[in-house]
Structure formats: structure tokens, C-alpha cells
Amino acid sequence: MTHSRLVSNLASDGRERSDFPVVCESCLGDNPYVRMTRADFDKECFTCCRPFTVFRWKPGRDARYKKTEICQTCSKVRNVCQVCVLDLHTGLPVQVHNTALGVNPNDAVLPKSDVNREYFAEEYDRRVRASGIIDPYEQEYGKARTNDIILKLQRTTPYYQRNRAHVCSFYTRGQCTRGAECPYRHEMPITGELANQNIKDRFHGVNDPVALKLLRKAREMGSLEPPEDESIRTLYVGGVVDGRVSEQDLRDCFWVHGDIESIKIVGQRGCAFVTYTTRDGAEKAADELCNTLVVKGLRLKLAWGRPQAPQVQDEGVSGQPEAAYGGWFPQQDKSDVAQQYYYMPPPPSQGGTSLYPSMDPQRMGALVE
């Protein structure tokens, strides 16, 4: 759509002006010294067809160049990244949020017709400039609301694999001659439902193959079955990073389900054990926190603790059966060892022939004639 009207106020001409894009951490990359190029009104937004400022950068050394695909107005309406069009907080598609929160995709915030879409975007920008607080995303979705599906599927760490280079089209045809110098990936392209993705369907939350795959994954996630042993009241928590997750952090997550008897963190193994005073509290915590336990941005694994094996009574000195002797030299009597180290014999007399055990040549098998 071409904008040919003349306005006196540049802020009301329907064009976006920005100094930094609205992107997620995955698309921004792990390079702290990333450099961006900015092109004012370089292209039209994929959803509202309004010209906007396009940013282009390289997220990492082996990554491909990325650029913004939708304008900031559409990004703020859905609270999504301008590049991947995934939620900025959870990294999930819009369709997953709509399904989890019960939002009808037909009752969309942003209209789909050309005239209504442009009017809505300009009206949204006008209200933001007037107040600076209005955010229709909060009114429609409620950022403070939570849901089990979102907690199960949300991404807690950046996914930098999304920034990999594209597949080399010459390699798929067997015609690439650049070898290791080729900047593209020498892999066969992914086929199936994930090969048919587009920005508009993802933005409006309809027919998104990535969202459908995640929703199937959420349905397949099972719950923790309580063990038959009623005496087990301990839950195993895996993925605990030593120094980052403290005992108080775990207590804040588990105490609402019942009285806690003890919490033990094993830093060397990266796990913790939470023991409840009652079995009901442990079962309630297992049902509520299964696949949804996130502490300080870390997704933790939850499982039932195993019953402790009964301790074997000590047998003799070592508590274990003696192994067969397989040495080269004759085995020394243990009584001699005890006598040597614990009961030192008296020194030999001047005219006698008695020796200390260490001075006996027959001890090591020598024959004395």
C-alpha cells in the first residue's frame, strides 16, 4: 500500500520510526557486540502493510543475517518478536496462547481487512503517544495470567539454533562445489508439515504447524504416578544448578502444597530432595508441579524419590566377605600384622637368635638351612 498523503505532523503520517527493534534473546544472538544496520521505511509490514524501519544484523559468527519482518505496532499488539513472531516472554506461537487461554482466533485484536487494519494501527499508535501505557495485549491476553500448557511448553533459555544458516540449494541438487567454504548448511531440507510456515498465519494464530506440534506434545506429557510404597514422601528435583537455586527458592515453590520436613540440595550431582511430612502433600506437589516447575528461569525435573535400601549389618571388621588371596608371596597372618603394628615385641636379647617380624627371612618364603 502506497502512502501518498501529506501531513503536517510527521508523527501522524502512519510510518514507524524507531531506534531499536523489539526482538527476543534468541534472535538477538549470543554476541554481546552485535552491530545493526537501520533502514528507515525500507519495506512494508507483513501484517498491516505499513512502511516501517527495518533492522538487519548477524546474531553470531556462524549465523545468518536476520532482519525485522513486522512493524513494532503489530509486535506490541501481540507481544511477539519482530523477527520470529514468537512470544517475547515464553517463546511460544500465538496459537498456543490462544488455545491455552481460550481466546477465539476469530475475535482477533488486529483486523484482517486492509482498511480496518490500517485504521487500527494508526489509532493504536495515537493512543500510545497520548498515554504511553495502553497495551491491548494486556487487555486481551492478560500477561499476569498463567496456564498449565504455557508452563509446560514455555522456553526458559535462548534457542540459538534458530539462527543457523539456510540450507544450500546447490547442495540439495548435488551441484555445490564450494565445499567447506560454503556459507550455507550442507544438509537436506526438512520435509513435512514444518516446511509450510508463513508469518501471517503465525501472527494471527491460525494453521501454524509449529503450534500444532507443540500442542500435541503438551497432550502427550504424562503425570507422575505415585509409588505403591506409602512411606515414600520425598520428591526428586533434577537440574538444580549449584549456587543459583537455593534452599529458600525451592521452599517457596513447594511449601504451598504441604508442610515440608526437610530440603536437601546435593550440589555435586545437581539435584535436590524435598521431603514432606505427609504423603498427601507430596502427591499434591507432584500433580501440580509436574512438567511446570521453573525456578529462576531454570526448568527443573520432578520425580518421586526411591526407597532407601536397608543397610547391611557389619560382619566382622569390614562388613564384607573376604576375597580370595591372589598375591605372588605367601599370605601373612593377620595376627602377625596386628602384632607388628599394634603390639611391638620386646627387643631381642644379646645372645639370643630371636628377630623382629620384619627381620625374619623366612617371612617372604626364603629357605634357611
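Note that the coordinates shown come from a computational prediction; the quantities given were computed from them, not determined experimentally.
The nearest pair of heavy atoms linking Leu250 to Ala272 is CD1-CB, 3.7 Å. Heavy-atom minimum distance, Thr53 versus Thr68: O-OG1, 3.8 Å. Taking each heavy atom of Arg299 and Asn291 in turn, the nearest pair found is NH1-O, 3.4 Å. For the pair Arg279 and Ser231, the tightest heavy-atom approach, listed with the atom from each and the gap, is NH1-N, 4.2 Å. Nearest heavy-atom pair, Gln95 versus Val206, reported as atom, atom and distance to 0.1 Å: OE1-C, 3.7 Å. Considering every non-hydrogen atom in both Asn163 and Ser26, the closest pair reads ND2-O, 2.7 Å.
Checked by atom type, the side-chain pair Thr73/Arg50 shows a donor-acceptor distance below 3.5 Å.
Separation of atoms OH (Tyr159) and CG (Leu86) is listed at 11.5 Å; rounding is to 0.5 Å. Going from atom OG1 of Thr278 over to atom CZ of Arg233 covers 8.0 Å, rounded to the nearest 0.5 Å. Note that SG of Cys24 is 10.0 Å distant from CZ of Arg155, once rounded to the nearest 0.5 Å.
Taking a cutoff of 4.0 Å between a charged side-chain nitrogen and a carboxylate oxygen, Lys284 and Glu288 do not qualify as a salt bridge.
One N or O on the side chain of Arg244 and one on the backbone of Lys296 form a donor-acceptor pair closer than 3.5 Å. With hydrogens and angles ignored, the 3.5 Å screen pairs no side-chain donor or acceptor of Glu283 with any backbone N or O of Asp280.
Connection of Val256 to Val237 is established within a shared hydrophobic cluster, with ILVMFWY side chains joined at heavy-atom distances below 4.5 Å, either directly or through further cluster members. Using a 4.5 Å cut-off between side-chain heavy atoms of Ile, Leu, Val, Met, Phe, Trp and Tyr, with links allowed through other members, Ile260 and Leu235 fall into the same hydrophobic cluster.
Annotation: ring-ring contact (aromatic ring centres under 6.0 Å, His included) contacts involving residues 251-304, sequence neighbours excluded, comprise Tyr236-Phe273.
Classified by interplanar angle (parallel below 30°, tilted 30° to 60°, perpendicular above 60°), the ring pair Tyr171/His186 is parallel.
Within a 6.0 Å sphere centred on OH of Tyr184, heavy atoms belonging to other residues, nucleotides or ligands number 12 at most.
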